[in-house]
*Asks:* 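Shown below is the structure under consideration.
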Amino acid sequence: MAQQTNYDDFAQAYSDENESSLLNAYYERPAMLELAGDVSGHRILDIGCGSGPLAAALLERGAQVEGFDSSVAMINLAQRRLGERVRLSVARLGEDLPYAANTFDDAVASLVFHYLPAWNAALMEVHRVLKPGGRLMLSVNHPLLYPWNHPGKDYFKPTQYTDEFTFNGQRAELTYWHHPLHVMADAFLKAGFHVERIWEPPFSKDAPEEILPENLRERDAFLSFLFFELRT
């Protein structure tokens, strides 16, 4: 069986890549911020906060932010970026979270749920810490990518798999769980969430041409991640 991803092994390289990459800086992060909308005065939980780029952007928009990550190295990087403005914790999605019930107006989870073999317990715990009517905005690997990138694999079977990447010159392996869309939706509903939006966004028009692959320069969208806006 594939091993669990350990971001401590490549935290700095991933963080450096995240600052300017097409997938993170000009696709995933702008889409999450657009989903979040006006967050001035909102208390927001950043789930799997990494080195803190999304938290920093939410702070700039007037939110009060707290965050957690399972990687100690990532939390250390986030603390250096955010200073005392954000309370950060080492915690793992899917386990009990160190927050009281009905604490947050919103929660964001960028590219973290796809590391879990099952979502029910994690979603119920996030639901617990959100206020009534609170939102969870999350992004995951688009479920079509698994059979697309791994021809012959069964889209309908939840499966653990590992892909190789290079982040700022450092090789790394990320181990994910593929879930078909209906499994994701069932987990949302069983945890008590209402689905308000499912989105396959375009990448940012601000993306520099030099970071766009040749086959994307005549397009404004591509499949990579799938975004959800949920409400308690």
*Asks:* Ring-plane angle category for Tyr146 and His150, please: parallel below 30°, perpendicular beyond 60°, tilted otherwise.
*Replies:* tilted
*Asks:* Please tell me whether Glu173 and Thr162 have a donor and an acceptor in their side chains that are separated by less than 3.5 angstrom.
*Replies:* no
*Asks:* Hey, does the side chain of Arg217 reach the backbone of Glu209 with a donor-acceptor pair shorter than 3.5 angstrom?
*Replies:* yes
*Asks:* Taking the side chain as everything from C-beta on, heavy atoms only, tell me whether Asn120 gets closer than 4.5 Å to Asp186.
*Replies:* no
*Asks:* Do Leu45 and Leu54 sit in the same hydrophobic cluster, where Ile, Leu, Val, Met, Phe, Trp and Tyr count as joined when their side-chain heavy atoms come under 4.5 Å apart?
*Replies:* no
*Asks:* Is it the case that the side chains of Ser15 and Asn18 hold a donor-acceptor pair, with the cut-off being a distance below 3.5 Å and no angle test?
*Replies:* no
*Asks:* Output yes when a side-chain donor or acceptor of Thr232 lies under 3.5 Å from a complementary backbone atom of Gly134, and no otherwise.
*Replies:* yes
*Asks:* Which label fits Trp119 and Phe188: parallel for a plane angle under 30°, tilted from 30 to 60°, or perpendicular past 60°?
*Replies:* tilted
*Asks:* Is any side-chain heavy atom of Leu136 closer than 4.5 Å to one of Asp106?
*Replies:* no
*Asks:* Show your reasoning for whether ring pair (Phe, Tyr, Trp, His ring centres under 6.0 Å) applies to Tyr161 and His178.
*Replies:* CA-CA 8 Å; Tyr161 67 101; His178 160 74; 7.1 Å; no
*Asks:* Between Asp8 (side chain) and Val72 (backbone), is there a donor-acceptor pair under 3.5 Å?
*Replies:* yes
*Asks:* Going hydrophobic residue to hydrophobic residue with side-chain gaps under 4.5 angstrom, can you get from Met184 over to Leu223?
*Replies:* yes
*Asks:* Please state whether the rings of Tyr176 and Tyr115 are parallel, tilted or perpendicular, taking 30° and 60° as the class boundaries.
*Replies:* parallel
*Asks:* Between Arg81 and Glu19, does at least one N-O distance fall below 4.0 Å, as a salt bridge requires?
*Replies:* yes
*Asks:* Taking the side chain as everything from C-beta on, heavy atoms only, tell me whether Phe68 gets closer than 4.5 Å to Cys49.
*Replies:* no
*Asks:* Apply side chain to side chain contact (heavy atoms under 4.5 Å, CB included) to Arg61 and Ser40, showing your working.
*Replies:* CA-CA 6 Å; Arg61 287 159 173 76; Ser40 179; over 6 Å; no
*Asks:* Indicate every side-chain donor-acceptor pair of residues 95-105 with a distance under 3.5 Å to a residue at least two apart or in another chain.
*Replies:*
{"residue": "Thr103", "atom": "OG1", "partner": "Ala100", "partner atom": "O", "Å": "2.5"}
{"residue": "Asp105", "atom": "OD1", "partner": "Lys131", "partner atom": "NZ", "Å": "3.2"}
{"residue": "Asp105", "atom": "OD2", "partner": "Arg43", "partner atom": "N", "Å": "2.7"}

*Asks:* Between Phe165 and Asp163, is there a side-chain heavy-atom distance shorter than 4.5 Å?
*Replies:* yes
*Asks:* Below 4.5 Å, heavy atoms only, C-beta onward: do Ile211 and Ser21 meet side chain to side chain?
*Replies:* no
*Asks:* In terms of hydrophobic clustering (I, L, V, M, F, W, Y; side-chain heavy atoms under 4.5 Å; direct or indirect links), are Leu230 and Val108 co-clustered?
*Replies:* no
*Asks:* Do Phe193 and Val140 share a hydrophobic cluster, counting only Ile, Leu, Val, Met, Phe, Trp and Tyr and linking them when any side-chain heavy atoms are less than 4.5 Å apart?
*Replies:* yes
*Asks:* Would the number of heavy atoms belonging to other residues, nucleotides or ligands and lying under 6.0 Å from CH2 of Trp148 be above 12?
*Replies:* no
*Asks:* Looking at Met124, is its backbone amide N or carbonyl O close enough to the side chain of Arg128 to form a donor-acceptor pair, meaning the two atoms are under 3.5 Å apart?
*Replies:* no
*Asks:* Are Met74 and Tyr14 side-chain neighbours, meaning at least one heavy-atom pair lies under 4.5 Å?
*Replies:* yes
*Asks:* Test of understanding: with side chain to side chain contact (heavy atoms under 4.5 Å, CB included), list the residues that count as partners of Ser204, not counting sequence neighbours.
*Replies:* Tyr26, Pro30, Asp206
*Asks:* Tell me every residue that passes side chain to side chain contact (heavy atoms under 4.5 Å, CB included) with Ala55, counting only those two or more places apart in sequence or in another chain.
*Replies:* Asp46, Val65, Leu82
*Asks:* Decide if atom CD of Glu210 counts as having more than 12 heavy atoms of other residues, nucleotides or ligands within a radius under 6.0 Å.
*Replies:* yes
*Asks:* Could you tell me whether the side chains of Glu200 and His142 share a donor-acceptor contact shorter than 3.5 Å?
*Replies:* yes
*Asks:* If you count every heavy atom of other residues, nucleotides or ligands that lies below 6.0 Å from Arg231 atom CZ, does the total exceed 12?
*Replies:* yes
*Asks:* Aromatic contact between Phe222 and Tyr27, with the criterion being ring centroids under 6.0 Å apart: yes or no?
*Replies:* yes
*Asks:* Fit a plane to each ring of Trp177 and His179, take the angle between them on a 0 to 90° scale, and name the class: parallel (under 30°), tilted (30 to 60°) or perpendicular (over 60°).
*Replies:* parallel
*Asks:* Has the side chain of Arg135 got a donor or acceptor atom that lies under 3.5 Å from a matching backbone atom of Ala36?
*Replies:* yes
*Asks:* Using the side chain to side chain contact (heavy atoms under 4.5 Å, CB included) definition, which of the options Leu181, Leu144, Leu138 pairs with Leu226?
*Replies:* Leu181
*Asks:* Within a reach of under 6.0 Å around CZ of Arg171, are more than 12 heavy atoms found that belong to other residues, nucleotides or ligands?
*Replies:* no
*Asks:* Under 4.5 Å between any side-chain heavy atoms of Pro117 and Pro158, yes or no?
*Replies:* no
*Asks:* May I ask you to decide if Gly169's main-chain N or O and Thr166's side chain share a donor-acceptor pair within less than 3.5 Å?
*Replies:* no
*Asks:* Does Ser51 use its side chain to pair, donor to acceptor, with the backbone of Ala78 at less than 3.5 Å?
*Replies:* no
*Asks:* Is there a side-chain contact between Ser224 and Leu23, using heavy atoms and a 4.5 Å cut-off?
*Replies:* yes
